There are 2 protein chains.
Amino acid sequence: MPHSRKRRDQGKHSRIRSDHATEIAEDYVEAIAEVIEASGTCRAVDLASRFEVSHVTVNRTIGRLARDGWVETEPYGPVVLTAKGKQLARKAAERHAVVLKFLMAIGVRESVAKIDSEGIEHHVSPETLDAMRAFLSEHAD
Amino acid sequence: MPHSRKRRDQGKHSRIRSDHATEIAEDYVEAIAEVIEASGTCRAVDLASRFEVSHVTVNRTIGRLARDGWVETEPYGPVVLTAKGKQLARKAAERHAVVLKFLMAIGVRESVAKIDSEGIEHHVSPETLDAMRAFLSEHAD
DNA sequence: CCTGGATTTTAGCCTGTGCTAAATTTGTGT
DNA sequence: ACACAAATTTAGCACAGGCTAAAATCCAGG
Ligand SMILES: [Mn+2]
Ligand SMILES: [Mn+2]
Ligand SMILES: [Mn+2]
Ligand SMILES: [Mn+2]
């Protein structure tokens with residue numbers, strides 16, 4: 001039999017907790033990509049205003065993102081995405097867009113869908129995302 | 001014009017943060033109601049095994065829930081829901097059930113839908129919940 | 001070049017949510 | 001009655017992610 005399995009055996013709720021741990025990373029890399037796309041570079045203040053948190057909070061969050069290999073930055077410099085960060089940003093943006101379109105397709109107003117999708121996106125598994133995509137193709141009028 | 005509005009003006013992301021703050025309360029009162037329903041009373045250990053966290057974590061979480069008026073408990077005693085707690089439990093269970101059924105209705109397998117709904121439920125606004133309900137009635141075969 | 005405003009960093013605080021180890025309490029079976 | 005097992009509580013730790021105030025740095029206009 002497999003060795004002792006002390007490892008927390010990913011039940012439902014551990015999945016939720018790990019989703020929460022990565023969702024800030026997802027939102028940040030997505031936002032960083034958008035800001036860079038729109039204005040060339042991304043500074044901490046841009047993220048602070050976007051997320052409505054203090055610039056100090058952004059600074060420390062960026063530190064964690066750098067530690068975990070999503071972004072690179074040097075003192076007083078802008079934030080850039082690593083290759084890994086760019087990939088996550090692309091994946092997150094794509095999934096976010098599907099969720100948003102899907103909510104609107106079932107009749108949720110855009111203003112509400114924008115808010116709800118921002119939270120829902122992080123908990124949508126690949127299988128559920130596929131179901132949403134399938135729904136969108138079927139109902140492409 | 002209205003005075004200065006320093007008040008953080010609930011953008012998209014503050015909604016997400018407040019959702020996260022209440023989701024443990026929602027999951028706990030829902031679980032407490034279920035355990036009481038199933039076995040008469042609810043003890044901390046029941047919640048620890050259900051959420052796969054330590055009994056110490058449960059103990060402190062229950063303390064916060066009591067502080068916020070969702071549950072009542074006395075030293076070494078079981079956990080009971082306040083009126084407010086029962087109401088939240090009912091609302092959360094109802095919403096959770098709708099989300100789960102909805103995911104299955106769009107073709108997500110039950111095992112996956114159970115996991116995803118556990119995270120998604122907390123970010124579904126009343127309007128989106130209504131859209132899901134409407135979808136379920138329309139597609140009631 | 002130098003200075004003032006914008007920006008970032010540092011210091012120091014808080015709460016929530018996770019843990020282990022140890023102490024305490026409860027309640028049950030003999 | 002009492003010991004023992006189960007449950008809870010306490011103590012003490014860690015990290016994420018919020019904040020304000022103050023210091024440091026950067027850069028652009030004069
Ligand atoms: Mn997103
Ligand atoms: Mn998001
Ligand atoms: Mn639930
Ligand atoms: Mn849940």
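The structure displayed is predicted, hence computed values, not measured ones. Just the heavy atoms: all of them, side chains too, but no hydrogens, waters or symmetry mates, feed the values below. Chain letters run A, B, ... following the sequence lines, proteins first and then strands; every chain starts at 1.
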In whole Å, I'd like the distance from the [atom1] atom of [X] to the [atom2] atom of [N].
X     : N      : atom1 : atom2 : result
A:R43 : D:dT25 : CZ    : P     : 16 Å
A:E23 : D:dA16 : CD    : C1'   : 12 Å
B:D27 : C:dG18 : CG    : C1'   : 16 Å
A:D46 : C:dA6  : CG    : P     : 15 Å
B:R17 : C:dT17 : CZ    : P     : 15 Å

Residue met sooner reading DNA chain D from 5', once A:I24 and A:V56 are mapped to nucleotides =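 Mapping each residue to its closest nucleotide by heavy atoms, the 5'-most match is A:I24.
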Taking only side-chain nitrogens and oxygens of A:T57, does any of them come within less than 4.0 Å of OP1 or OP2 of D:dC19?
-> yes
Side-chain N or O of B:S54 closer than 4.0 Å to phosphate OP1/OP2 of C:dG18 =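 No, no such contact exists.
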What nucleotide among D:dA22, D:dT8, D:dG18 has an atom nearest to a side-chain atom of A:H55?
-> D:dA22
For the side chain of A:V53, starting at C-beta, report the closest nucleotide among C:dT9, C:dT8, D:dG18.
-> D:dG18
Could A:E26 and A:R95 be called an ion pair, given the rule that one side-chain N must be under 4.0 Å from one carboxylate O?
-> yes
Determine whether more than 12 heavy atoms belonging to other residues, nucleotides or ligands lie under 6.0 Å from atom CZ of A:R133.
->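 Enclosed.
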For B:E37, side chain to side chain contact (heavy atoms under 4.5 Å, CB included) partners two or more places apart =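 If we apply the side chain to side chain contact (heavy atoms under 4.5 Å, CB included) test to B:E37, skipping adjacent residues, there are no hits.
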Only counting residues at least two apart or in another chain, list the ones meeting side chain to side chain contact (heavy atoms under 4.5 Å, CB included) with A:T57.
->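 Only A:V53, A:S54, A:T61 meet the side chain to side chain contact (heavy atoms under 4.5 Å, CB included) criterion with A:T57.
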Under 3.5 Å, which donor-acceptor pairs link side chains of residues 82-89 of chain B to any protein atom two or more places apart or in another chain?
unit_1, atom_1, unit_2, atom_2, d
B:T82, OG1, B:G69, O, 2.7
B:T82, OG1, B:W70, O, 3.1
B:T82, OG1, B:G85, N, 2.9
B:K84, NZ, B:D68, O, 2.7

With sequence neighbours excluded, residues passing side-chain hydrogen bond (donor to acceptor under 3.5 Å, both in side chains) with A:N59 =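 So A:N59 forms no side-chain hydrogen bond (donor to acceptor under 3.5 Å, both in side chains) with any residue.
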Specify the residue among B:A21 and A:A44 whose closest nucleotide of DNA chain C lies further upstream toward the 5′ end.
->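 Looking at the nearest nucleotide for each, A:A44 comes out on the 5' side.
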Determine which pairs satisfy ring-ring contact (aromatic ring centres under 6.0 Å, His included) with at least one residue from residues 16-42 of chain B, sequence neighbours left out, and list them in order.
-> A:H20-B:H20, B:H20-B:H123, B:Y28-B:F51
Does any residue of residues 59-82 of chain B have a heavy atom under 4.0 Å from DNA chain D, and if so, which ones, in number order?
->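 Contacting residues: B:N59, B:P75, B:Y76.
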